[in-house]
Amino acid sequence: MPSSRPSLAELLHQPVRWRIVQALIGRTLTTAQLAEQLPDVAATTLYRHVGVLVEAGVLTVVGERRIRGTVERTYAIGSGASDAGEGGVDPDQLRTMFTVFVAGLAGDLDRYLSREEIAPERDGIAFRQTAVLLSDEGFTEFVTALGELLTRFAANEAAPGRTRRIVSTVLMPDG
């Protein structure tokens, strides 16, 4: 019997939800901080989408504090942010997930290009494809080393002179 709960791909197919999750990659934020990150999103819309993501387990509340009679919640990406269930994903789900991923990247680029001043080299805009020929064992070694490298740099804390950048990867067999 199919689940009535939407998949992660279905949840993130909505652009505001995609941007909320992306804003929380590697950090925790309050709704007010999310609103600062997404200034073009109306507060009521932001709260509604955060609620949907919390209900689905994509976001989790990691802190609460009282401010002037209301509760300010701090959010992080939750365990519901993994889409592969017991049986994995079927080809249609994988296609949807990939389409959402690529559409999210395109939206990020559009927001970057809408800035008053852009300087792709200075800002570190880069995308490329590289083919590598590896055995299964070599591929596992490559993915492990890449994960270790990303983990090392993802552990950096916010500090003056550091710009938050999103690193996106796609690994796919050729042919």
Side-chain angles (χ1 to χ4, degrees), residues 1-29 31 33-35 37-62 73 75-115 120 124-134 136 139-140 142-151 153-154 164-175:
M1 181 173 179
S3 169
S4 61
R5 180 177 168 163
S7 71
L8 182 63
E10 291 168 329
L11 286 166
L12 298 184
H13 203 271
Q14 206 295 330
V16 171
R17 289 186 212 138
W18 169 269
R19 291 176 60 204
I20 290 168
V21 171
Q22 189 178 43
L24 285 162
I25 293 171
R27 62 184 176 182
T28 61
L29 297 172
T31 310
Q33 291 167 323
L34 279 168
Q37 297 292 312
L38 309 171
D40 57 318
V41 178
T44 54
T45 301
L46 181 66
Y47 278 96
R48 181 169 32 89
H49 287 299
V50 165
V52 168
L53 293 169
V54 168
E55 185 177 323
V58 175
L59 301 184
T60 186
V61 177
V62 295
R73 291 180 177 86
Y75 299 95
I77 296 176
S79 61
S82 171
D83 205 40
E86 286 180 29
V89 294
D90 65 33
D92 288 336
Q93 289 172 314
L94 185 59
R95 182 176 289 106
T96 299
M97 291 164 61
F98 187 76
T99 301
V100 168
F101 176 79
V102 172
L105 291 176
D108 295 339
L109 181 63
D110 286 344
R111 279 183 293 285
Y112 172 77
L113 294 173
S114 71
R115 294 178 177 184
I125 300 293
F127 43 92
R128 68 179 51 108
Q129 286 185 305
T130 302
V132 293
L133 297 170
L134 301 168
D136 288 347
F139 182 68
T140 298
F142 170 77
V143 169
T144 300
L146 180 60
E148 289 168 354
L149 180 67
L150 291 172
T151 298
F153 287 100
R164 185 169 187 263
R165 291 179 168 87
I166 300 297
V167 176
S168 302
T169 58
V170 176
L171 303 173
M172 189 176 316
D174 187 21

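We're numbering straight along the sequence, starting at 1.
Of all the heavy atoms in Arg164 and Ile25, the pair that sits closest is NH2-O, 2.6 Å. When every heavy atom of Gln14 is checked against every heavy atom of Val16, the shortest pair comes out as OE1-N, 2.6 Å. The two residues Leu46 and Leu38 make their nearest non-hydrogen contact at CD1-CD1, 3.9 Å. Between His49 and Arg17, the shortest heavy-atom distance links the atoms ND1-NE, 3.0 Å. Across every non-hydrogen atom of Ser168 and Phe101, the tightest pair is CB-CZ, 3.6 Å. Ala23 and Leu34 make their closest contact through CB-CD2, 3.9 Å (heavy atoms, listed as atom of the first residue, atom of the second, distance).
Atom CG of Leu133 sits in a sparse spot, with 12 or fewer heavy atoms from other residues, nucleotides or ligands closer than 6.0 Å. In this structure, Asp174 places its CG atom where only 12 or fewer heavy-atom neighbours from other residues, nucleotides or ligands lie under 6.0 Å away.
Between Ile125 and Tyr112 the shortest side-chain heavy-atom distance falls below 4.5 Å. Considering only heavy atoms from C-beta on, Val21 stays 4.5 Å or farther from Arg19 through its side chain. Using a 4.5 Å heavy-atom cutoff, the side chains of Val54 and Tyr75 are in contact. In this structure the side chain of Val132 never reaches within 4.5 angstrom of the side chain of Phe139, judged on heavy atoms. For the pair Leu53/Leu12, a side-chain contact is recorded, criterion being any heavy-atom separation below 4.5 Å from C-beta on.
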Show your working on side-chain contact (heavy atoms from CB on, under 4.5 Å) between Val167 and Phe153 and close with a plain yes or no. CA-CA 11 Å; Val167 176; Phe153 287 100; over 6 Å; no
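Considering CG of Leu105 and CH2 of Trp18, their distance stands at 6.0 Å, rounded to 0.5 Å.
Under the side chain to side chain donor-acceptor pair (under 3.5 Å) criterion, Arg95 pairs with Asp92, sequence neighbours left out. Residues satisfying the side chain to side chain donor-acceptor pair (under 3.5 Å) criterion with Gln33, sequence neighbours excluded, are Thr30.
Here the side chain of Thr45 pairs no donor or acceptor atom with the backbone of Val41 at under 3.5 angstrom.
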